[in-house]
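Below is one structure, written out as structure tokens; comments come after it.
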Amino acid sequence: MLKIIIVLLFGISIVSANELDVNKQLKKVVKTKQEQLFRKQKKNRRAQKEIAVLTKTIDKINGIKTNEKQTIKKILYFNPLDGSRKIEKYGSSSKLPFAKYVNSTLLIESCKPQTGKKRTVCGRWLKVPEGKTIVFSIWVKAENVTGTQIKFGLMISNGKGKYKWPAANVGAGSFDWYKVSFSTVIPFGAKRCLLMYGLEKGIGKVYFKDLKMEVID
Amino acid sequence: MKKAITLFLICCTIMLEAASLDSEGFITDWIIIGPYPNYISDNNGLDTDFLNSESNIKPYPGLKSKSVFIADKTKLIAGIGSTNEWGFIKTKTFNIKWKKSHSKSQKIILDKMFKPIDDNMVVYAACYIESPSKQLIKLRIGSDDYLKVWLNGKVVGRKKKSQAIVPDNFIFPVILQRGGNLLLLKIVDRSLGCGYCVAISDRKNKPLNNLKIYTDNPARKFNADMFNNGFAAKFIFPKKNIFAGTNQLRIRFHAPQKNNYILKLKNSQSKVISQTFQVKGSANIAANIKLRSGKQILVLEVWENDKLISVLQQSREVYSIKKIKEDNLKLRLKIAEIDKKLPLVSAKYKELESKLEKVKTRLKQAYSNIEKKYSLMHKQAADFAKKSINEAFPPVVTRSRLCLNGNWKDSPNRKKWSTYSLPVEQRSKYFRSRRYPSGNAWFKKTFNVKNPQTGTFICEHIAGAIKVYMNGVFCGEYIGRIGIVEIPLKNIKNGTNTIELFYSRHTPKLENAGYGIMGDIFIDFTSRVRVADVWVKTSWRKATVSTVSEIENRTAKKVNVKLEQYIVLNNKIKLRLPAIKTQVASKGTIKVKNKELWANPELWGIGEKYGSPIMYDMVTNIYVNNQLVDRQIQTFGFREFWINVVDFYLNGKRIIIQGDVGHAKWSYAKIRDVFFPLYRKDGINTLRTHDSSYWCPETYRACDRYGMLSYPQMYPILRLGKKNIKKFSTVEEWLKTKTHQYNLDNYKRWFRMLRNNPSVVIWSTDNEIFTQAWDTLEKLKFNLRNDKLGAIYGKYVKSLDNDLVITRDGDIGTMNSKGKWFENPPCDTANYHYPDFNTTQQVLDWQEVYEYRPVIFGETLYCSYGAWDNWIGPIPSQVNKKAKTVRHVASLYRELGIPGQIYMGLGLDGFTRLDNTGKGNPWGITADMEKEYKKTGKVKGIAPDKYPRFKIDWPAKSGRGAKPSSYYIVQKYGCNAINWFDSSKPSHIRNAVNDAYKESLLPQPELAKASDAECIILVEPYSIVWSESVDGRRYGVIADSKGKAWFHLATPGVYKFESNSRKKTINVSDRKNYASKPGFNKIPQYKL
């Protein structure tokens, strides 16, 4: 009897080991195939991008005004950040000691790096139209910003737990006023987005004005 | 008893080995291993597993490892202006091991710990933390630079950021398990300092004082892996993989004392999973345990007298056959799903590919249409224009030019004179060549002239300050760094005259040092009412030729003048411009504008559809009282170059600029003659003249004659004194300085010097103010200020002629820095250097990247045989690697239609190969010979004046151009391996890089043959020889000490030569049959 049990246990253990090997092999196959799929999809995206760029080039050579110039933008939200409104905040923090209005612009300043989940940013939740292309823009000026990239970006969820973090590449250091913008397509299922602007965890001074959210018609 | 004592001692040893956190919670005891490489090229050290399995490593002092620093020579020198990572030429392997480290400071400084490696390295640090209980803690870390943290094999933090060590910079909340915990850190240093600090606090940020820190796993001594409170254990399963259900488990248990203990085995849910064991001291026990699937923590509790005294735990993966089967099913479904998607994605690609082909066809059509549109535009304008005529061109002599090149007397103090040859060779600040003259110097020369009316001192390039004296009378001065110097002469006499030049390389408050008198020196003898300058501008689209003429009146009276202009080719008038009557005040200069429509000029171009390099003469006659007093002849080419959207057009045809960053010494005419045809054979149609060393107007005149486009570059002075990135004048302050005005004057002269050269198509007003290589966050403010100034100078040059195509070299490089470039409005042409290092972002979709402007990759494919600090040489393997890279990159540019490609390039990487075959260069210099020279300072069998500097046997030391005594051969670059002076050897030897360029670039029309002429007239030493062309141009050369006067003549034909009352008419033929051959033995010589 004992012998039979041992044989059975041994047999089960062989079966188990085989299944585990199969599992490992299948995972490898999935990985390879996924990579193959990803490569092909990437190739398609590249081709699509090339087609778009060349089409726009052709339009320009032919003297046709491009879609970009013909597009009609509708302002969905505008905040001059000139002191005429309360400083925008989001989340549970009730105090924003790092932000104040100076010469009709919003100054965000930080002397020491933030730690943990703390961020030196302002922002607010905004209602967004799903499926539309939205352009966010702001004027920005910086003084000695280090330890971070200046933040001007969004967090959007499609409502199913997937998050997008589109943002402008604002940079850091010191520079004079210039307009930064970025556009994003609002995913279906998204009702609102969290717009953020500030220093994140870095230090320095950053000024903002004329925050705008426009939808491309 | 003995055993008890032994155990007690072991226990004590363990206790002694333990350290604790300092008062602020910092860990100061570690075991460290390193260095491992972090290659600049991929910067992927943080995510490269150097430990075979970072999550499973159990480090201890003495554990060995190997680190390999691969020396990929291509990558090593690929950095722009930087060295390779570590200076190795060959791959190096280091045998390294984990070492204990105790730091007195809270910061663990890793600098100089792993010499010779100190930057671009990866270091691991680890310690074992014993916690008395399970507790929530915060790991508070500062790191220089990147950081990755594992706790018990699990990644708990990752930061890919460069910074100094700042305590508490990165805080990671984690859970310490009771007993032993392994903390592993990975630090990646990019450059400068390197180190880290780690503190541990509780969740309320208070330091913990109940932790013990070990630099070795205390359990290791007992062949175990878990430890707590002096106890150690190891769980041993018969097989590697554990499945859910009943499993056999053996436990190796170590106790510090031989007491009675009760051992309880529990699972993650604190449920007892086997019988309890009663042991006396250390023991080996076996148990059958039931395990659930998933990640399971096995806990061995040690009880003594009903008191829990130790917890030994370990996490193990337990598989479930059922779950694996389910998972396998899911995986199979997933595979089926992907298999279903793959053909769809492939089909989509086919669809896109066909669409892309159609778009490319449409693009070709658009290019064709725009060329048709331009052609129509030209035709409409030409319909109303005058057609070419063919009238005789009456010769007349009104002015003469005497070349003063050759031996001058020089003196530091005007007292003791010696002999020196002027001009000196073109020099470069950029390449740090020798400076001449040191400080101040006087030069003088004596010459004879008959009945001069007035004279003008001309020098085609002086960098520094100069004062001119004629027969002891001060005539004028100049301070600058570029452009043709013109100073009116006073006190010229009939007969013998002495001209003196006082040169100073110091121009205080403007520029720190000049580089001497580098341009050809002339005196123009003209009437007192004279044409000082003519700017000829042509437009193909509008079918116009327009001029702006400067007329100068050096007399004491106001004069009425008539200006007559016509265009001449081959001694025939082709077009007459309207005559203009005007007045010029005494001692005044006026500008006169003139314009005519011209239907059918012969177009200047690089050959074939673009037109041939045909140079017209714009003849400007000045009449005073109906008498012709001056005739000035300005050469020009009829062409138009412009931008449409993202492309360049030359005479209505789209053109791709395929250029080379010319590093050869273009101020020597013969180098141009030999090198230009070789460039063209391999696809180069443009010469970018890099930095300051080649500011010789003759270079551009040669480009005009040969049909080679050119792309000159100018550079402003942006600071004085030492560079101080923290303290500098603001833009507004700078614009008020004299140096700003000095910059504007230089730009103005630069523009005046080159505006009549049809070959000059792109004007680059600065170079790499922002660069990828040198731009750092610290320099940002300074760089931004400089860039803003650069934009101001760019706009200034554009304001001189709105039709110029301006670029600012590397300006788009600012996009990579942490700010924004200042171009308002943006420069005509975007420029990005070394995009080949980042093709995804800077090359693909270039139209969009550069905002639908044309882009010039002003420098690309960095030279591969030697950078500033690293010398590899054109060894065959390196040449072949470079050829491979050229094929890849240049083909990509060609495929994408990049409008401006300037390679760094063929002149450096082509034409040379250093090996022992002796077939890598025209002189048969081998690698061994070079080694021998480095060792002994000479090479057996080679005369000392043949290597490394080859003595040049100049046919005459008179006439145009500097004539240095020798030339540096072979060495690093292709331009040093071109033979232009030795008629006994071939001019060049091609290498694999030549072939790669030839095969990858768009083929170009053949270069035109040399169309000018030259001869040497033999007379008495130092005699002046005058020549007169059939169209009345009079040009004189002072013969050298051997009585040789070398004439460089714009066109072949019949010339009258005269010297000391002896005359001869000679038909001087062109140079097309021999110009491209090395040496000077074919130059015709005539005795007068």
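FYI, side chains are in, hydrogens and waters are out, and symmetry mates aren't considered; it's all heavy atoms of this structure. Since the structure is predicted, the reported quantities are computational estimates derived from the model, not experimental observations. Every chain is numbered from 1, with letters handed out A, B, ... down the list of sequences.
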(message) Using heavy-atom distances under 4.5 Å, tell me whether B:Lys161 contacts chain A through its side chain, its backbone, both, or neither.
(response) side chain

(message) Are there over 12 heavy-atom neighbours, none belonging to B:Glu337, within less than 6.0 Å of that residue's CD?
(response) yes

(message) Using side-chain heavy atoms (C-beta onward) and a distance below 4.5 Å, is A:Gln48 in contact with B:Lys348?
(response) yes

(request) Return the option, out of A:Gln36, A:Lys43, A:Gln41, with the maximum number of heavy-atom pairs under 4.5 Å with chain B. (result) A:Lys43

(message) Do B:Arg332 and A:Val22 make a side-chain contact, defined as non-hydrogen atoms from C-beta onward lying under 4.5 Å apart?
(response) yes

(message) Tell me whether B:Arg316 at atom CZ has more than 12 heavy atoms from other residues, nucleotides or ligands lying less than 6.0 Å away.
(response) yes

(request) For residues A:Val53 and B:Trp846, determine if any side-chain heavy atom of one lies less than 4.5 Å from a side-chain heavy atom of the other. (result) no

(message) Among B:Leu356, B:Asn644, B:Val646, B:Val645, which residue has the highest count of heavy-atom pairs closer than 4.5 Å to chain A?
(response) B:Leu356

(message) If the condition is side chain to side chain contact (heavy atoms under 4.5 Å, CB included), which residues does B:Leu333 pass it with, not counting sequence neighbours?
(response) none

(message) On a heavy-atom basis, which atom in B:Leu331 and which in A:Lys27 lie closest, and how many Å separate them?
(response) CD1-CG, 3.8 Å

Can you list, pair by pair, the side-chain donor-acceptor contacts under 3.5 Å of residues 358-371 of chain B, counting residues two or more places apart and other chains?
{"residue": "B:Thr361", "atom": "OG1", "partner": "B:Glu357", "partner atom": "O", "Å": "2.7"}
{"residue": "B:Gln365", "atom": "NE2", "partner": "B:Asn369", "partner atom": "OD1", "Å": "3.1"}
{"residue": "B:Tyr367", "atom": "OH", "partner": "B:Asp647", "partner atom": "OD1", "Å": "3.3"}
{"residue": "B:Tyr367", "atom": "OH", "partner": "B:Asp647", "partner atom": "OD2", "Å": "2.7"}
{"residue": "B:Asn369", "atom": "ND2", "partner": "B:Gln365", "partner atom": "O", "Å": "3.4"}
{"residue": "B:Glu371", "atom": "OE2", "partner": "B:Arg654", "partner atom": "N", "Å": "2.8"}

(request) Counting only heavy atoms closer than 4.5 Å, note whether A:Asn44 contacts chain B via side chain, backbone, both or neither. (result) both

(message) A side-chain contact here means heavy atoms from C-beta on lying under 4.5 Å apart; do B:Gln847 and A:Lys56 qualify?
(response) no

(request) Take B:Lys334 and A:Lys33 through the test side-chain contact (heavy atoms from CB on, under 4.5 Å) and record every step on the way to the result. (result) CA-CA 10 Å; B:Lys334 182 88 187 163; A:Lys33 292 217 173 228; over 6 Å; no

(message) For B:Leu352 versus A:Ala47, what's the shortest heavy-atom pair and its separation?
(response) CB-CB, 4.0 Å

(request) Compare every heavy atom of A:Lys40 with every heavy atom of B:Val345, then report the nearest pair and how far apart it is. (result) CG1-CB, 3.6 Å

(message) Heavy-atom cut-off 4.5 Å, strictly under: side chain, backbone, both or neither for A:Gln25 against chain B?
(response) neither

(request) Flag the pair B:Asp845 and A:Lys49 as a salt bridge only when some basic side-chain nitrogen lies within less than 4.0 angstrom of an acidic carboxylate oxygen. (result) no

(request) Determine the option with the most heavy-atom pairs under 4.5 angstrom with chain B, choosing from A:Val29, A:Asn62, A:Thr57, A:Ile150. (result) A:Thr57

(request) Look at B:Asp168, B:Leu896, B:Asp327 and state which one has the largest set of heavy-atom pairs under 4.5 Å with chain A. (result) B:Asp327

(request) Pick one of side chain, backbone, both or neither for B:Tyr349, based on which atoms fall under 4.5 Å of a heavy atom in chain A. (result) both

(message) To the nearest 0.5 Å, what is the distance between NZ on B:Lys330 and CG on A:Asn23?
(response) 11.0 Å

